[in-house]
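Single-structure report; data block below.
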There are 2 protein chains.
Amino acid sequence: MAEATLQSQTRADEAFDCLQTAIVTGELAPGEKIGEVELCSRFNLTRGPLREALGRLESRGLLVRRPHAGVKVVSVSAAELLELYRIREVMEGLAARQAAERMTDEEIAELQATLDSHEKMIEQAQGQAYYQAEGDYDFHHRIATGSRNAKLAQMLLGDLYYMVRMYRYRLSTSAGRPHLALREHRRIVEAIAQRDGDLAEFLMKRHINAARINIEKKIEEGVLTI
Amino acid sequence: MAEATLQSQTRADEAFDCLQTAIVTGELAPGEKIGEVELCSRFNLTRGPLREALGRLESRGLLVRRPHAGVKVVSVSAAELLELYRIREVMEGLAARQAAERMTDEEIAELQATLDSHEKMIEQAQGQAYYQAEGDYDFHHRIATGSRNAKLAQMLLGDLYYMVRMYRYRLSTSAGRPHLALREHRRIVEAIAQRDGDLAEFLMKRHINAARINIEKKIEEGVLTI
DNA sequence: CTGGGGTATTTTGTTGACAATAAATGGCTC
DNA sequence: GAGCCATTTATTGTCAACAAAATACCCCAG
């Protein structure tokens, strides 16, 4: 159960965190209709802060609200998920370019270190699941913040990634291609280390495009039913 | 004064609309610290719905909140404003591409019609101010929705445009180049009408890049002090 | 006169009760 | 028996009072 991560600054923040992780992990399934009182007892909250959190979640597109009719978790169709990747492609392309221009040498070294640890995890075979789920997220997270573009990072980290992760938890998006994905990551970091913004953008766009095509293929094969 | 636009479905929606327009129009200045009780009396609201609205506004990045210390309107620096245009460049580039692929012939005709009316306004000289402020917004709005990419439209219309408009109200972003901007708009629509996604994306990116450079120049000249 | 500490005040955060609206159920008519 | 309308019920929206926290002010010491 998604308890409050440490102590949040305020009850509303706590509610927000709880609900967000609950939605992302699938504890609250897409399309599920949820009552306010039920949520209150479930997360030990009162309705005031809860409603504030619900507003924030709605504003971020994680749930939809119909006046007087309750709130339900947003359910993203397969087509919409693919559209999300189209957005990621251009936004993360920009992030990679700006990261190449602005990341400190230290940050780049750390980035390379995380890739090393990812590689070890993959070699240990069973690490695959973790790698795609969290390692991949970690990589993209670092580049988003490395762009030094506050709004870009906010939109990626606070908006898009949550929606993507929501589905990554139940379907292994890049399953079967962890080595390939890692190699793509390496090339991107290489370009960033060489301060080659053009190349970093190009490689990142291609990387995300590949992930999108991978999902598309799986959907066609019927492996993924969203 | 920014009264409730018609009757919103709920008090919180009303509060949200009021505050959003108040921020965008500059009625609430950037950096201004605002107390909850003051806002309540100002917009005839009670604190419950207000707080819900504040949460939504914060989530959208229009205001910042420090626990127990109040809320103040976000103030975007010149550098951050330029970063916003970098994001617009890639996102609206994508929007233009997808619009070229997906807009109906009817929508394209309407788009051309709006450009005609914009042209008339410019010819009537005094229309300049309106054109840049609302006509330009109208154009970009139509393309965002025309992309048929729900999340992309949501991010552009619900997030970025409000921040940009916030500054467009006090500084004339594309002042001095209305004819040029219109010509660029025409070319973009032309590419969309020809279903040339590549070209539409390219032209849109160049258009927004030009707008960014224009602002950059003004800032260097000291005309704009943000 | 200036700096630090403590109290007072203001403002935010939270709570539980109340009102209004939509969904659900049951009864009535056709 | 089926469909529609009214009533009931449950749930959401709203409110005003209470508690907690941070800022501001004032007093005192150096």
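Numbered from 1 within each chain, the chains take letters A, B, ... in sequence-line order.
- When each of B:Gln98, B:Gln154, B:Arg97 is paired with B:Asn149, the side chain to side chain donor-acceptor pair (under 3.5 Å) condition holds for B:Gln98 and for no other.
- Atoms CD and CG, from A:Glu52 and A:Leu45 in turn, are 11.5 Å apart once rounded to the nearest 0.5 Å.
- A:Leu63 places its CG atom 13 Å from the P atom of D:dT12, with the value rounded to the nearest Å.
- Residues from residues 49-58 of chain B lying near DNA chain C, meaning a heavy-atom separation below 4.0 Å, are B:Arg51 in numerical order.
- For the pair A:Leu39 CG and D:dG13 P, the computed distance is 13 Å after rounding to whole Å.
- Checking B:Asp136 against B:His185 by side-chain atom types alone, a donor-acceptor pair falls below 3.5 Å.
- Take A:Tyr161 and apply the side chain to side chain donor-acceptor pair (under 3.5 Å) test, not counting sequence neighbours, and it matches A:Glu92.
- Listed by residue number, the members of residues 66-74 of chain B with any heavy atom below 4.0 angstrom from DNA chain C are B:Pro67, B:His68, B:Gly70.
- Here C:dT14 presents its P atom at 11 Å from CD of A:Gln9, a figure rounded to the nearest Å.
- Summarising the geometry, the separation between NZ on B:Lys33 and C1' on C:dT11 is reported as 7 Å, rounded to the nearest angstrom.
- Atom-to-atom, CG of A:Asp13 to P of C:dG13 comes out at 9 Å; the value is rounded to the nearest Å.
- Note: CD (A:Glu14) to C1' (C:dG13) measures 13 Å, nearest angstrom.
- No salt bridge links A:Arg60 with B:Asp159; every basic N to acidic carboxylate O contact stays at or beyond 4.0 Å.
- Between A:Asp13 and A:Arg56, at least one side-chain nitrogen of the basic residue sits less than 4.0 Å from a carboxylate oxygen of the acidic one, meeting the salt-bridge criterion.
- In this structure, B:Arg11 pairs ionically with B:Glu14, as a charged nitrogen and a carboxylate oxygen lie closer than 4.0 Å.
- Using a cut-off of 4.0 Å between Lys/Arg side-chain N and Asp/Glu carboxylate O, B:Arg86 and B:Glu216 are scored as not salt-bridged.
- Judged by distance alone with a 3.5 Å cut-off, a donor-acceptor contact links the side chain of A:Arg47 to the base of D:dG13.
- Counting non-hydrogen atoms under 4.0 angstrom, B:Gly35 reaches the backbone sugars and phosphates but no base.
- We find that CZ of A:Arg65 is positioned 9 Å from P of D:dT12, with the value rounded to whole Å.
- Ion pairing of B:Glu36 with B:Arg51 is present here, as a side-chain N (NZ or NE/NH1/NH2) and a carboxylate O approach within less than 4.0 Å.
- Contact check, A:Thr10 against C:dT12: no side-chain N or O comes under 4.0 Å of OP1 or OP2.
- A straight line from CZ of B:Arg11 to C1' of C:dA19 spans 13 Å, rounded to a whole angstrom.
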